[in-house]
Amino acid sequence: QVQLVESGGGLVQAGGSLRLSCAASGRASIIYTMGWFRQAPGKEREFVATISWSGTAYDYADSLKGRFTISRENAKNSVYLEVNSLKPEDTAVYYCAARTSRVLERRGGGYEYWGQGTQVTVSS
């Protein structure tokens with residue numbers, strides 16, 4: 001099994017920045033692709049970003065390009081999401097996800113492992 005634990009969320013003013021972290025443990029060696037998703041109150045979970053095992057391939061939700069940056073550090077079994085110019089509409093629970101396939105994936109159903117999420121609240 002693989003366990004994912006997110007951290008770095010919190011309350012931030014609009015225009016601010018946050019760096020979310022996700023650490024994998026357990027059988028982390030079976031993980032290749034990792035991703036971030038978010039779910040705002042009353043809305044469905046949505047794709048944010050995904051990154052390959054090597055870190056050289058990545059994909060972002062079209063509406064979030066330019067403000068979000070995904071990266072990973074395999075030596076620490078970790079993936080990060082840097083978010084800049086935060087807006088109130090970015091308020092959501094942010095989830096880390098991992099899959100054993102090497103193929104980048106936007107669909108949440110394509111990920112086998114999920115973290116518990118970290119709350120990001122952006123005040124106006």
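Note that the structure is predicted; figures quoted are calculated from it, not measured. Positions are given from 1 along the sequence.
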Side chains of Glu82 and Ser71 only: does a donor on one sit below 3.5 Å from an acceptor on the other? no
Once side chain to side chain donor-acceptor pair (under 3.5 Å) is applied, do any residues pair with Asn77, and if so which ones, sequence neighbours excluded? none
Co-membership, hydrophobic cluster, residues Val83 and Val12, 4.5 Å side-chain: yes
Joint cluster assignment, Phe37 & Leu20, ILVMFWY side-chain distance < 4.5 Å: no
Are any non-hydrogen side-chain atoms of Glu46 and Glu44 less than 4.5 angstrom apart? no
Look at the side chain of Gln13 and the backbone N and O of Ser123, then say whether any donor-acceptor pair between them is shorter than 3.5 Å. no
Treating Ser78 as the side-chain partner and Lys76 as the backbone partner, does any N or O pair qualify as donor plus acceptor under 3.5 Å? yes
Over 12 foreign heavy atoms within 6.0 Å of CD, Glu73: yes
To the nearest 0.5 angstrom, please state how far the CG atom of Asp62 sits from the CG atom of Leu64. 9.0 Å
So the disulfide bond (SG atoms under 2.5 Å apart) pairs with at least one residue in residues 34-86 (sequence neighbours excluded) are none
Evaluate the ring planes of Tyr94 and Phe68, with Trp represented by its six-membered ring, and classify them as parallel (under 30°), tilted (30 to 60°) or perpendicular (over 60°). parallel
Does any N or O in the side chain of Glu6 come within less than 3.5 Å of the main-chain N or O of Gln116, such that one atom is a donor and the other an acceptor? yes
Between Val48 and Leu81, what is the shortest heavy-atom contact and its length? CG1-CD2, 4.0 Å
Tell me whether the NZ or CZ atom of Arg106 lies within the 45° cone about the ring axis of Phe47 and under 6.0 Å from its centre. no
Measuring only between side-chain heavy atoms, which start at C-beta, is Thr69 closer than 4.5 Å to Tyr58? no
Between the main-chain N or O of Gly8 and the side-chain N or O of Arg19, is there a donor-acceptor pair closer than 3.5 Å? no
Look at the side chain of Glu105 and the backbone N and O of Arg107, then say whether any donor-acceptor pair between them is shorter than 3.5 Å. yes
Nearest heavy-atom neighbours spanning Leu4 and Cys96: CD1-O, 3.7 Å
CD on Gln119 to OG1 on Thr91, rounded to 0.5 Å: 7.0 Å
Roughly how far apart are Ser52 OG and Asp59 CG, rounded to 0.5 Å? 11.0 Å
Okay, side chain of Thr33, backbone of Ser101: is any donor-acceptor separation there less than 3.5 Å? yes
Are Asp90 and Arg38 packed together at the side-chain level, in the sense that at least one heavy-atom pair is separated by less than 4.5 angstrom? yes
Which pair of non-hydrogen atoms, one from Val79 and one from Met34, has the smallest distance, and what is that distance? CG1-CE, 3.7 Å
Are Tyr80 and Tyr113 connected in a single hydrophobic cluster, I mean Ile/Leu/Val/Met/Phe/Trp/Tyr linked by side-chain heavy atoms less than 4.5 Å apart? no
Nearest heavy-atom pair of Pro88 and Ala14: which atoms, and what distance? CD-CB, 4.2 Å
Working to the nearest 0.5 angstrom, can you tell me the gap between Thr56 OG1 and Ile51 CD1? 8.0 Å
Criterion side chain to side chain contact (heavy atoms under 4.5 Å, CB included) against Thr50, the qualifying member of Tyr111, Tyr60, Trp36: Tyr111
Check Gln1 against Gln3 and note the closest heavy-atom contact, atom names and distance. CB-NE2, 3.6 Å
Indicate the atoms forming the closest heavy-atom contact of Ile70 with Gly35, along with that distance. CD1-CA, 4.5 Å
Are Leu11 and Val93 connected into the same hydrophobic cluster when the rule is that any two of I, L, V, M, F, W, Y join if their side-chain heavy atoms are below 4.5 Å apart? no
